[in-house]
Amino acid sequence: MTKLPDLKFHPVTAPKSGVTILLVGKSLALGPVAKQLDEASAGAISRAMKVAEFKGELGSKASILAPSGVELDGITLVGIGEEALSEKDFLRLGGIAMAELKGKAKGSVVLEAEGVEFDAASASLIAMGLKLRAYEFDTYKTEKGKPKEEKDAVKVSILCADVEGAIAAWEKDDAVSDGAILARDLVNEPANVLGPKEFAARAKALESLGAEVEILKQPDLEKLGMRALLGVAQGSERKPRVAIMKWNGGAEGEAPVVFVGKGVVFDTGGISIKPAGGMEDMKGDMGGAAAVTGLMCALAGRKAKVNAIGIIGLVENMPDGKAQRPGDIVTSMSGQTIEVINTDAEGRLVLADLLHYSKEEFKPRFMIDLATLTGAVLVALGTQNAGIFSDSDALCAQLSQAGEVTGETVWRLPLAKEYDKMIDSKFADMKNTGGRWAGSITAAQFLKRFAGDTDWVHIDVAGTAMDSPKTDISQSWASGFGVRLLDRLVKDNYEG
Ligand code: BES
Ligand code: MN
Ligand code: ZN
């Protein structure tokens, strides 16, 4: 992975080297540092604004290379518009700044602009935008067969009014950034490198942050009776794992919040095999588990005042002489029986046992599962929103709110007994597919049968976790979706 930027906070003074980013609103009025640089460069900044027809619109840019009269390599003006800036805007500005600084040795971002106060929180959000934008998954790119020479990370000074405050805020936000980047890394890794065992080792590594991590292996899962999960894994040479990550930052004895992740390291569809076109994307079918692992990394890293548990089911769905067949009936850990109509509807089988186990074992305040569960959610919501499904209006409202502030947005889809009926089976208690229509909803209804009375939300991230559109803060195939969203949900509603 490309080296992430080396970020430091300093007081606002005129930068003397590298490339500097200046922020300018629609009034086009320059802040004190910008004014000073404009004067020293014989009006280069004012002229550049005219020549580029720069209007200060949020996200617009104008660049000057090697301006005379100052020792800077370059100056880039970035527009901030005229409305009050939201958290998402600060992140975006950081991202846009990094696009300019990438590949350079040194740069700075000057947090000043007419009529805007950049507080510690906004300086830290800009740092987060810088870091998330800089991420690139190039582990397997060589230079003509030789490992790439690692360039030094770009050194970026964030020049701001409240340096101490920004450093304190960044200590927390940096941990959240690390969580999102961990999730991206896990999703981007190919399945030959990241199998159930290797993923479990990455989860285990969170112990270095003070989390407790337990790895369950096949005999443990057999003893527990997780036959639904094991049925999915049985066609693969690589044995399944379940990783349980615990962060105890809350009061002793306080019920935990629980996050459950689908970790299908590769989904061929099994005997109900998928078509070849695009199947390579199914290396990302562990996006839910990656988000849960990234979230636990974030919570532990920022020492969140909450008891949180992440549990992920790591399996590979393969066709094989030993693989599960359509028509097979499995008994889940809950005792409920499932007729497997389509072996490609495997994620819900994995989650069924994890949800039942979590509810019984952890007695949670709530459980939220994340899964790249259905292609149908892409049809319904595209890549812009994850689908959420729940009977809890309160949890849905909290998630929507967290989505709005972080930009990881969600949209609620319905549950109802009419949909539930669609998964009744002729031979068993239920079947694992509900027919052609409402595919994301019938999948959620299936999960609901295992969540029981516990407060629960299912988040379908099939459209948001992977194959993501490039944005100002992500240039990566894997977005890390869910980490910032759920970290924020916890921070705003379940801490302290
Ligand atoms: N992992 C897929 C869902 C998926 C599709 C994720 C596209 C990301 C992008 C899931 O296991 C699956 O195959 N679902 C089937 C369910 C069907 C067989 C009822 C689907 O969506 O077609
Ligand atoms: Mn599948
Ligand atoms: Zn799948």
Side-chain angles (χ1 to χ4, degrees), residues 183 186-188 191 194 196 199 228-229 231-236 240 260-291 312-320 323-328 338-352 354 369-387 389 413 419 422-423 425 430-447 458-469 477-479 481-482:
L186 290 167
V187 173
N188 280 325
L194 196 79
F199 195 137
L229 181 151
V232 176
Q234 80 192 29
S236 173
V260 182
K262 168 180 173 181
V264 177
V265 298
F266 195 80
D267 181 13
T268 63
I271 296 298
S272 315
I273 198 162
K274 288 181 181 295
M279 204 206 274
E280 67 278 12
D281 283 357
M282 287 302 116
K283 72 172 184 175
D285 206 20
M286 25 56 72
I312 55 179
L314 304 166
V315 301
E316 180 172 45
N317 189 20
M318 290 293 241
D320 181 76
Q324 162 161 279
R325 293 154 288 258
D328 282 5
I338 305 163
E339 182 189 8
V340 179
I341 299 293
N342 187 319
T343 63
D344 196 13
E346 83 297 341
R348 65 198 76 182
L349 298 170
V350 173
L351 292 173
L354 297 184
D369 76 74
L370 289 103
T372 49
L373 205 63
T374 65
V377 86
L378 265 154
V379 176
L381 300 174
T383 59
Q384 310 310 317
N385 283 284
F389 306 80
L413 293 168
Y419 295 116
M422 292 164 74
I423 54 167
S425 155
M430 70 194 88
K431 52 188 181 180
N432 75 332
T433 59
R436 188 162 150 72
W437 310 119
S440 300
I441 301 173
T442 51
Q445 293 291 165
F446 182 96
L447 300 179
H458 159 56
I459 311 185
D460 195 333
V461 295
T464 48
M466 55 160 133
D467 199 11
S468 313
W477 185 76
S479 62
F481 184 97

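In listed order, ligands and their atoms are each counted from 1. On a predicted model such as this, the values are computed, not experimentally measured, just so you know.
Residue Gly375 has at least one N or O atom closer than 3.5 Å to an N or O atom of ligand 1. Taking distance alone, with nitrogen or oxygen atoms compared against 3.5 Å, Asp285 approaches ligand 1 more closely than that limit. Of the polar atoms of Asn342, none of the N or O atoms is found under 3.5 Å from an N or O of ligand 1, judged by distance alone. Here's the thing with Asp267: one of its N/O atoms is less than 3.5 angstrom from an N/O atom of ligand 1. Checking only distances, Arg348 never comes within under 3.5 Å of ligand 1, N or O to N or O.
Residue-ligand proximity: Met286 is placed with every non-hydrogen atom at 4.0 Å or more from ligand 1.
Side-chain contact check for Phe389 versus Ser440: some heavy-atom pair is nearer than 4.5 Å. For the pair Asp267 and Asp344, the minimum side-chain heavy-atom distance is below 4.5 Å.
Proximity of a side-chain donor or acceptor of Thr343 to a complementary backbone N or O of Gly269 within less than 3.5 Å is detected. When atom types are taken as modelled, the side chain of Ser468 and the backbone of Trp477 share a donor-acceptor pair closer than 3.5 angstrom. Between the side chain of Asn317 and the main chain of Val264, no donor-acceptor pair closer than 3.5 Å is present. Thr433 places no side-chain N or O within donor-acceptor distance of the main-chain N or O of Gly435, the cut-off being under 3.5 Å. At least one donor-acceptor pair under 3.5 Å links the side chain of Asn432 to the backbone N or O of Ile341.
Under 2.8 Å from the Zn ion (ligand 3) lies no N/O/S atom of Val264, from backbone or side chain alike.
When the N, O or S atoms of Asp267 are ranked by distance to the Mn ion (ligand 2), OD2 comes first. Nearest to the Mn ion (ligand 2), among the N, O or S atoms that Glu346 has, is OE1.
Of all atoms in ligand 1, numbered sequentially from 1 with element shown, those under 4.0 Å from a heavy atom of Ala462 are 6 (C), 8 (C). Residue Met466 has at least one heavy-atom neighbour below 4.0 Å for each of these atoms of ligand 1: 8 (C). Residue Lys262 has at least one heavy-atom neighbour below 4.0 Å for each of these atoms of ligand 1: 1 (N), 10 (C), 11 (O).
Residues Lys262 and Asp285 are paired through a salt bridge, judged by an N-O separation under 4.0 Å between the basic side chain and the carboxylate.
Atoms NZ of Lys262 and OD2 of Asp267, as seen from the Zn ion (ligand 3), are separated by an angle of 170°, to the nearest 10°.
For atom 22 (O) of ligand 1, the nearest protein heavy atom lies 4.0 Å away or farther.
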